[in-house]
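Everything on this sheet refers to the single structure shown next.
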There are 2 protein chains.
Amino acid sequence: MSVKLTDVAKLAQVSPTTVSRVINNYGYISEKTRKKVFSAMKQLNYQPNSLARSLQGKKTRLIGAIVPSLTNPFFAELVSRIEELLNRKDYKLILCNAVQDSSHKEREYLNMLKANQVDGIISGTHNLDITEYQETGLPIVSFDRNLGPDVPVVSSDNYQGGWVATKSLINSGCKKIAFFGNIKGSNNPTDLRLKGYQDAINEYGLKEILVPMNFYESANLKKMAFQKLLSQQKIDGAFFTDDFSANLFWQYSRFNHFKDCENIKVIGYDGTSIMRQLNPDLSTIAQPIEEIANLLVDLLIKRINHEELSDSNYVLPITLIKGNSL
Amino acid sequence: MSVKLTDVAKLAQVSPTTVSRVINNYGYISEKTRKKVFSAMKQLNYQPNSLARSLQGKKTRLIGAIVPSLTNPFFAELVSRIEELLNRKDYKLILCNAVQDSSHKEREYLNMLKANQVDGIISGTHNLDITEYQETGLPIVSFDRNLGPDVPVVSSDNYQGGWVATKSLINSGCKKIAFFGNIKGSNNPTDLRLKGYQDAINEYGLKEILVPMNFYESANLKKMAFQKLLSQQKIDGAFFTDDFSANLFWQYSRFNHFKDCENIKVIGYDGTSIMRQLNPDLSTIAQPIEEIANLLVDLLIKRINHEELSDSNYVLPITLIKGNSL
DNA sequence: TTGAAAGCGCTAACAC
DNA sequence: GTGTTAGCGCTTTCAA
């Protein structure tokens with residue numbers, strides 16, 4: 001077994017309490033004793049057992065993050081930022097890779113996080129009943145998901161994003177604009193991207209063209225959908241709710257010599273730094289990832305500290321990034 | 001506070017010991033008692049406190065992963081796979097985003113993981129003295145880093161990768177082949193990519209052209225390096241030690257109208273599924289990410305269980321993926 | 001087949 | 001200023 005507090009106490013010839021006081025910097029200790037204890041700690045390379053501390057009712061300083069796959073660069077970047085911020089505040093991150101549509105796994109994660117006494121949860125996924133989240137009794141904040149009345153939601157301005165994306169296609173002269181994304185309502189903030197699209201389309205008297213598409217589908221499946229769409233009707237603009245699919249279409253339309261496709265305007269969504277660098281031509285609606293991460297962490301820590309939140313819904317502005325695809 | 005074992009015991013009208021036995025499925029219990037206990041657990045929605053269990057000397061079933069930024073799609077994918085595998089074996093992942101060249105932060109992570117009593121560590125980074133890893137006293141496995149005599153290393157066949165990449169450029173008719181990557185030895189397995197390049201170059205009587213480049217540099221810095229190189233000498237082949245930089249060059253040479261650059265052959269390294277989909281034209285040396293993850297997890301669990309390892313060095317084969325860039 | 005009691009490593013009254 | 005003691009929620013001898 002490893003070095004424990006009592007070992008340090010013995011070596012420093014003081015009581016365990018004193019060592020504890022030194023570690024926690026709590027109560028009165030003479031400078032002399034403090035020095036003795038510190039030197040003993042150093043000598044033994046002592047590292048307090050956080051399990052034991054937490055068992056006392058102290059916090060674990062563990063945060064669980066439940067997100068869809070890191071394969072999505074957006075979430076990879078978001079998690080990366082979140083971990084960084086948490087680390088600065090001396091929290092640790094337990095990573096939970098939720099699986100699309102697996103309420104079973106999500107439930108297991110929730111139980112695990114509870115069992116591990118995490119101080120709070122950041123969730124970017126949602127396959128469970130809202131009640132199950134409430135039952136955890138843990139502070140939770142969510143990204144882009146409605147997890148219940150008590151769970152603050154952070155999101156980018158999805159409505160504005162959908163609207164601006166569509167509007168900028170219209171401004172580029174497009175008349176036949178297709179929407180690629182989730183077209184069945186999920187009762188989550190992301191639904192608003194579609195709403196923004198629809199409102200813009202209607203405002204300009206155009207016709208909706210809805211193509212169901214999901215980030216997690218395979219590239220080939222998506223290409224099949226492109227092929228089918230393009231063989232059935234002509235479009236001159238395409239709005240995708242993620243950059244990855246948008247880029248796929250961009251490539252497909254540019255390099256696959258489908259009749260009259262080279263000039264279809266394209267815009268995506270997310271604006272991760274990696275996609276920006278990989279294909280600077282691709283226009284996109286950029287989410288403010290850094291701020292999202294900041295806000296999520298801030299809100300969660302406030303909830304952990306039982307501070308009152310001013311709001312339960314936080315909508316961060318998006319940015320239009322124009323590339324050659326527009 | 002939440003429901004505890006004694007609450008369950010009380011409700012089921014048995015002793016805490018009995019409940020513990022039921023939970024751990026240990027010793028003799030009558031079917032009747034077991035049922036009673038289970039029903040009490042369900043009724044109270046009881047979740048054993050893993051902190052308390054671990055304090056008994058049980059394992060925490062927590063694994064720490066220290067990796068360079070998830071912004072690198074390769075590590076995003078690797079971590080994703082690792083988490084998945086660990087989850088299946090009922091382990092949880094504490095994610096540690098190491099920072100390039102920060103031994104300070106890496107040391108903090110190590111201490112934190114020790115304090116949190118993780119059962120083991122998977123490391124894909126290396127800014128510390130080898131002794132510091134040994135001092136943790138924890139089972140460790142590493143990816144592509146030499147962390148000490150007791151730490152098994154998993155890597156893709158870096159030498160073969162460098163050799164095959166260079167060889168395939170030569171086969172495509174290239175005579176002036178530049179290597180873009182880390183050109184100062186780091187004493188890690190990845191150095192072998194350069195070695196493979198050099199050996200191939202020498203075997204064919206060509207001249208080495210070494211361009212220092214690091215994944216984590218900004219895109220603009222990289223482009224400056226391209227510009228500088230191309231204005232100084234003509235090259236007809238380029239081998240990059242990561243796909244991301246390779247893709248940047250591919251774009252740069254194709255679309256920036258630099259004199260005579262459209263035809264420079266390019267090959268990268270990594271072969272993540274996301275890069276494959278984003279730019280299928282880009283040739284690359286694909287690392288077997290799935291197998292790497294598998295092996296890392298397997299080896300770590302073996303170390304945790306004090307099983308003897310057959311080897312301390314595990315080299316997995318790479319695959320050449322040919323795109324139009326070759 | 002079950003229970004009582006001690007103890008994992010640490011903290012927090014409460015004494016001195 | 002410092003030490004004694006009890007106890008966090010659980011497991012595990014040992015005894016019944």
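In what follows, every chain begins at residue 1, and chains take the letters A, B, ... in the order their sequences are listed. Owing to the predicted nature of the structure, the values given are computational and were not obtained by experimental measurement.
Residue A:T18 places at least one side-chain N or O closer than 4.0 Å to OP1 or OP2 of D:dG3. Regarding contacts with the backbone of C:dT11, a side-chain N or O of A:N24 is found under 4.0 angstrom from either OP1 or OP2. Dashed line: the shortest gap from a side-chain N or O of B:T33 to OP1 or OP2 of C:dT2 is under 4.0 Å.
Side-chain contact check for A:L85 versus A:N294: some heavy-atom pair is nearer than 4.5 Å.
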Anything under 3.5 Å between a protein N or O and an N or O of nucleotides 4-6 of chain C, put it in a table, one pair a line.
| from | atom 1 | to | atom 2 | distance (Å) |
| --- | --- | --- | --- | --- |
| C:dA4 | N7 | B:T17 | OG1 | 3.4 |
| C:dA4 | N6 | B:T17 | OG1 | 2.9 |

What donor-acceptor contacts under 3.5 angstrom involve side-chain atoms of residues 301-311 of chain A, with partners at least two apart or in another chain?
| from | atom 1 | to | atom 2 | distance (Å) |
| --- | --- | --- | --- | --- |
| A:R303 | NH1 | A:D150 | O | 2.4 |
| A:N305 | ND2 | A:I301 | O | 3.2 |

Exercise answer: donor-acceptor pairs, residues 14-24 of chain A side-chain atoms, under 3.5 Å, sequence neighbours excluded:
| from | atom 1 | to | atom 2 | distance (Å) |
| --- | --- | --- | --- | --- |
| A:S15 | OG | A:T17 | N | 3.4 |
| A:S15 | OG | A:T18 | N | 3.3 |
| A:S15 | OG | A:T18 | OG1 | 3.2 |
| A:S20 | OG | A:N24 | ND2 | 3.4 |
| A:N24 | OD1 | A:R53 | NH2 | 2.7 |
| A:N24 | ND2 | A:S20 | O | 2.9 |

Indicate every side-chain donor-acceptor pair of residues 60-68 of chain A with a distance under 3.5 Å to a residue at least two apart or in another chain.
| from | atom 1 | to | atom 2 | distance (Å) |
| --- | --- | --- | --- | --- |
| A:T60 | OG1 | A:L62 | N | 3.3 |
| A:T60 | OG1 | A:Q117 | O | 2.7 |
| A:T60 | OG1 | A:D119 | OD1 | 3.1 |
| A:R61 | NE | A:D90 | O | 3.0 |
| A:R61 | NH2 | A:K89 | O | 3.0 |

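Judged as a side chain to side chain contact (heavy atoms under 4.5 Å, CB included), and not counting sequence neighbours, the contacts of A:T190 are A:D144, A:R145, A:N158, A:S186, A:N188, A:R193.
Look at B:E108 and B:K105 and you find no salt bridge, because none of the NZ, NE, NH1 or NH2 atoms lies under 4.0 Å from a carboxylate O.
The environment of CD in A:Q100 is crowded: more than 12 heavy-atom neighbours from other residues, nucleotides or ligands sit within 6.0 Å.
Contacts between residues 25-32 of chain B and DNA chain C, defined by a heavy-atom separation under 4.0 Å, are made by B:Y28, B:I29, B:S30.
Look at NZ on A:K58: it is 13 Å from P on C:dC10, rounded to the nearest Å.
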